[in-house]
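To start, the structure under review is shown below, and the notes come after it.
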Amino acid sequence: FMSMIIIIASYLSTYSGSYSMDNYYCQYEEPWSSFPYGEETIKTSGCGPTTFAMVVSTITDTQMNPAEAAVYFEESGYCLVSEDGNTATTWSAFERGITPYGLSSSGCGTNLKKGLEIIANGGMVVCSVGNSANGGEGNALFNGDGHFIAIRGISESGNLLILDPASRKNTEQEWDAETVQEILKQCWQIYPNSESENVHREHFFG
């Protein structure tokens, strides 16, 4: 684990670049927080569609809000409701679900270094995180069973710039790679399809 952090730190020190946070959405804010998602609401269970909406709105010319993403997820089968009524988002939303918007997805497991390589090419990284990943209980970024965030870039100081649908405060500050790696369950490189011109390349600052 520590060797992975050292490798990541070495990589981050050689590159910086990011998308702006102009398309940030918080799942706790109206007008979408009370919008239904599965058997619950975007506020209680909508980190997945909120993250999806931010990524699509940031990288492409399609403007999508969390409510629109929630409808898309339900219609496409990416919203999962358990027998006891709990609502969650399937990982396939960030695998197959991203392609209709002119984007491609590559899964990187818990290899955050590999995931971050896409930053240099104008992509973003979506992360599924949770305390069960690497014993990350007490983690400063997230405490809980499951959550989605996106990494929008790397700062000049070599820290991660994120989009956290549950926290504007988290989104406005920088995070070291170790904090994310500690709770990482899965990450995906999200990047423009080579055949698509529907991208916001002018918003990426290298």
Side-chain angles (χ1 to χ4, degrees), residues 1-6 8-9 12 18 21 23-30 32-55 66 69-70 73 78-94 107-116 124-155 157-190:
F1 178 75
M2 286 306 300
S3 61
M4 174 67 75
I5 295 300
I6 293 172
I8 294 173
L12 294 181
S18 68
M21 53 179 289
N23 293 293
Y24 174 74
Y25 298 124
C26 180
Q27 68 190 89
Y28 297 128
E29 297 176 359
E30 292 293 358
W32 44 74
S33 66
S34 58
F35 192 85
Y37 183 55
E39 294 297 319
E40 301 183 54
T41 64
I42 288 177
K43 178 180 180 179
T44 58
S45 302
C47 59
T50 305
T51 298
F52 189 93
M54 290 190 286
V55 170
F73 278 17
Y78 302 131
C79 176
L80 180 66
V81 179
S82 65
E83 292 184 358
D84 57 5
N86 289 328
T87 301
T89 296
T90 65
W91 285 0
S92 56
F94 294 99
C108 299
T110 56
N111 190 338
L112 184 58
K113 174 188 177 294
K114 180 175 177 59
L116 291 171
M124 296 174 68
V125 182
V126 170
C127 300
S128 173
V129 298
N131 288 345
S132 62
N134 293 299
E137 187 173 354
N139 187 280
L141 176 58
F142 176 71
N143 290 294
D145 293 331
H147 189 48
F148 288 101
I149 64 170
I151 300 173
R152 64 183 177 87
I154 301 170
S155 72
S157 58
N159 291 317
L160 304 183
L161 303 172
I162 71 169
L163 296 171
D164 183 348
S167 175
R168 283 186 177 273
K169 181 179 179 180
N170 285 351
T171 299
E172 291 169 352
Q173 67 184 80
E174 299 180 6
W175 294 89
D176 60 85
E178 181 177 0
T179 300
V180 177
Q181 182 69 64
E182 185 181 53
I183 55 174
L184 184 64
K185 292 182 175 181
Q186 171 75 18
C187 66
W188 299 269
Q189 296 178 331
I190 308 296

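- A distance of 11.0 Å separates CD in Glu174 from CD1 in Ile154, rounded to the nearest 0.5 Å.
- Put simply, the side chain of Tyr24 gets close to the backbone of Arg168: a donor and an acceptor are under 3.5 Å apart.
- Atom CD of Gln173 sits about 11.0 Å away from atom CG of Leu161, to the nearest 0.5 Å.
- For the pair Cys79/Tyr37, a side-chain contact is recorded, criterion being any heavy-atom separation below 4.5 Å from C-beta on.
- Side chain of Thr87 to backbone of Val81: no donor-acceptor contact under 3.5 angstrom is found.
- Atom OG1 of Thr41 sits about 9.5 Å away from atom OH of Tyr28, to the nearest 0.5 Å.
- Residue Leu160 is tested with Val180, Ile149, Leu141 for a side-chain contact (heavy atoms from CB on, under 4.5 Å); the sole match is Val180.
- Taking the six-membered ring where tryptophan is involved, the planes of Phe148 and Phe94 are tilted, since the angle between them lies from 30° to 60°.
- Nearest heavy-atom pair, Ala70 versus Ile42, reported as atom, atom and distance to 0.1 Å: CB-CD1, 4.1 Å.
- The shortest heavy-atom contact between Asn170 and Ser167 is N-OG, 2.9 Å.
- Atom CE of residue Met124 and atom CG of residue Leu116 lie 12.0 Å apart, to the nearest 0.5 angstrom.
- Taking all atoms of both residues into account, the shortest heavy-atom contact from Leu112 to Ala177 is CD2-O, 3.9 Å.
- Closest non-hydrogen pair, Val55 versus Ala150, comes out as CG2-CB, 3.9 Å.
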(Q) Determine whether Glu39 and Asn86 satisfy the following criterion, side chain to side chain contact (heavy atoms under 4.5 Å, CB included), listing intermediate values before the conclusion. (A) CA-CA 7 Å; Glu39 294 297 319; Asn86 289 328; over 6 Å; no
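- Within a 6.0 Å radius of CG in Asn143, more than 12 heavy atoms belonging to other residues, nucleotides or ligands are found.
- Between the side chain of Asn139 and the main chain of Thr179, a donor-acceptor pair closer than 3.5 Å is present.
- Taken to the nearest 0.5 Å, the SG atom of Cys26 stands 11.5 Å off from the CG atom of Leu163.
- Interatomic distance, CG of Asp176 versus CD of Glu182, reported as 9.5 Å (0.5 Å rounding).
- Contact detail for Gly46 and Gln27: the closest heavy-atom pair is N-NE2, 3.8 Å.
- Looking at Trp32, its side chain never comes within 3.5 Å of a backbone N or O of Thr50 through a donor-acceptor pair.
- With hydrogens and angles disregarded, no donor-acceptor distance shorter than 3.5 Å links the side chain of Ser18 to the backbone of Arg152.
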Q | Chi angles and distances behind the ring-ring contact (aromatic ring centres under 6.0 Å, His included) call for Phe52, Tyr78 | A | CA-CA 11 Å; Phe52 189 93; Tyr78 302 131; 7.8 Å; no
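- Using a 4.5 Å heavy-atom cutoff, the side chains of Cys127 and Cys187 are in contact.
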Q.
Go through it in stages, so that I can follow the logic: the residues are Asp164 and His147, the test is side chain to side chain contact (heavy atoms under 4.5 Å, CB included), and I'd like the CA-CA distance, side-chain angles, deciding distance and then a yes or no.
A. CA-CA 9 Å; Asp164 183 348; His147 189 48; 2.8 Å; yes
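- Within a 6.0 Å sphere centred on NZ of Lys114, heavy atoms belonging to other residues, nucleotides or ligands number 12 at most.
- Shown here for Cys108 and Gln186, the closest heavy-atom pair between the two residues is N-NE2, 3.9 Å.
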